[in-house]
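Model, not experiment: these values are computed from the prediction. All ligand and atom numbering here is 1-based and tracks the order in the structure.
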Amino acid sequence: MADLFAESLREVRLQCGAWLFGGFAASRMPALIAALDAVTSAAPFRHMETPGGRRMSVATTGCGAVAWVSDGGGYRYSPHDPESRQPWPALPDAFRTLAHGAAELAGFPGFEPDTCLINRYAPGARLSLHRDVDERDFGAPIVSVSLGLPATFLFGGPHRGDVAQRVPLAHGDVVVWGGAVRRHYHGVLPVADGRHALLGRCRVNLTLRKAR
Ligand code: MD6
Ligand code: FE
């Protein structure tokens with residue numbers, strides 16, 4: 001018997017301008033994972049250092065015309081992978097079309113990302129509260145795609161000390177946020193141990209942005 005709920009979209013408005021589209025990426029999974037594998041073969045995950053010299057527990061890589069990097073010199077977007085000194089892999093169509101569609105559904109038509117930051121969390125890895133303020137164009141939203149193990153996302157306010165909403169994110173969930181909340185503090189609690197059928201012992205998050 002067909003499961004009606006399997007096809008229905010779980011839409012939750014988290015804050016003004018921020019939407020969770022539960023399972024939005026589920027039907028596009030084979031193409032997304034093939035694209036992810038292609039990008040990470042060309043630009044493997046690595047643990048970058050914070051400007052303060054700490055090794056991030058999250059492993060990162062990226063793709064697009066530029067991609068986000070962090071080292072002793074600070075956070076910035078770079079056209080080259082500092083490991084290979086080559087340009088980053090191109091932004092896969094599967095990433096671009098998913099981001100465009102999710103942004104449109106959230107009320108941000110015409111979103112054309114030029115970069116994707118890819119974060120990989122082993123069990124225990126976390127992302128402390130931060131704001132995404134290295135992009136030039138705050139009018140564009142950010143589209144975030146969760147893959148693999150589940151995690152708890154912390155969605156705070158404009159100040160670091162603001163109470164954060166706890167949002168459970170699972171494989172296939174997509175979050176879009178733009179407008180005023182685009183610059184709010186957010187983070188990810190330590191990922192609990194487990195094994196995901198497609199990705200194994202990790203959570204992967206794609207964040208698609210317009211950096212330039
Ligand atoms: C993550 N995401 O979910 C980390 N930033 O692994 C982020 O830091 C993030 O999901 C900006 C916009 C959306 C996000
Ligand atoms: Fe962020």
> If you check every N/O/S atom of Asp132, which is the one nearest the Fe ion (ligand 2)?
Replying inline: OD1
>> Only heavy atoms of Thr207, strictly under 4.0 Å: list the atoms of ligand 1 that pass.
In response: 9 (C), 10 (O), 13 (C), 14 (C)
> For atom 12 (C) of ligand 1, which protein heavy atom lies nearest, and how many Å away is it?
Replying inline: Trp177 CZ2, 2.9 Å
> Is the side chain of Arg120 donor-acceptor paired with the backbone N or O of Ile118 at a distance under 3.5 Å, no angle test?
Replying inline: no
> With a 4.0 Å cut-off on heavy atoms, does Arg182 reach ligand 1?
Replying inline: no
> More than 12 heavy atoms of other residues, nucleotides or ligands under 6.0 Å from CZ of Arg201: is that the case?
Replying inline: no
>> Between Arg85 and Glu83 (side chain of the first, backbone of the second, donor and acceptor by atom type, cut-off under 3.5 Å), is there such a pair?
In response: no
> Which atoms of ligand 1 have any heavy atom of Phe153 under 4.0 Å away?
Replying inline: 2 (N), 3 (O), 10 (O)
> What residue and atom, counting heavy atoms only, is the protein's closest point to atom 6 (O) of ligand 1, and at what distance?
Replying inline: Tyr121 OH, 2.4 Å
> Which of the atoms in ligand 1, numbered in the order shown and given with their element, are less than 4.0 Å from a heavy-atom of Leu127?
Replying inline: 4 (C), 8 (O)
> What N, O or S atom of His130 is found closest to the Fe ion (ligand 2)?
Replying inline: NE2
>> Looking at Thr40, is its backbone amide N or carbonyl O close enough to the side chain of Thr61 to form a donor-acceptor pair, meaning the two atoms are under 3.5 Å apart?
In response: no
>> Once you measure the plane-to-plane angle for His186 and Phe153, does it fall in the parallel (<30°), tilted (30-60°) or perpendicular (>60°) bin?
In response: parallel
> So, does Thr152 use its side chain to make a donor-acceptor pair with the main chain of Pro168 at under 3.5 Å?
Replying inline: no
>> Is it the case that the side chain of Arg76 and the backbone of Ser70 share a donor-acceptor pair, with hydrogens and angles ignored and the cut-off at 3.5 Å?
In response: no
> Heavy-atom contacts under 4.0 Å between Leu169 and ligand 1: side chain, backbone, both, or neither?
Replying inline: neither
>> Quick check: of its N, O or S atoms, which one does His186 have closest to the Fe ion (ligand 2)?
In response: NE2
> Does the distance from a Lys or Arg side-chain N to an Asp or Glu carboxylate O, for Glu135 and Arg182, drop under 4.0 Å?
Replying inline: yes
> Which residue from His186, His130, Arg203 reaches closest to atom 3 (O) of ligand 1 through any of its heavy atoms?
Replying inline: Arg203
> What are the atoms of ligand 1, with element, lying closer than 4.0 Å to any heavy atom of Val188?
Replying inline: 1 (C), 3 (O), 4 (C), 6 (O)
>> I need the atoms of ligand 1 closer than 4.0 Å to a non-hydrogen atom of Asp132, numbered in the order shown.
In response: 5 (N), 11 (C)
> Which of the atoms in ligand 1, numbered in the order shown and given with their element, are less than 4.0 Å from a heavy-atom of Ser144?
Replying inline: 10 (O), 13 (C), 14 (C)
>> One thing to verify: whether Asp132 and Arg209 come together as a salt bridge, which I'm taking to mean a side-chain N less than 4.0 angstrom from a carboxylate O.
In response: yes
> Checking side chain to side chain donor-acceptor pair (under 3.5 Å) for the pair Ser146/Arg203: CA distance, chi angles, key distance, verdict?
Replying inline: CA-CA 7 Å; Ser146 288; Arg203 168 178 190 258; 2.8 Å; yes
> How far is atom 2 (N) of ligand 1 from its nearest protein heavy atom, and which residue and atom is that?
Replying inline: Asn205 OD1, 3.6 Å
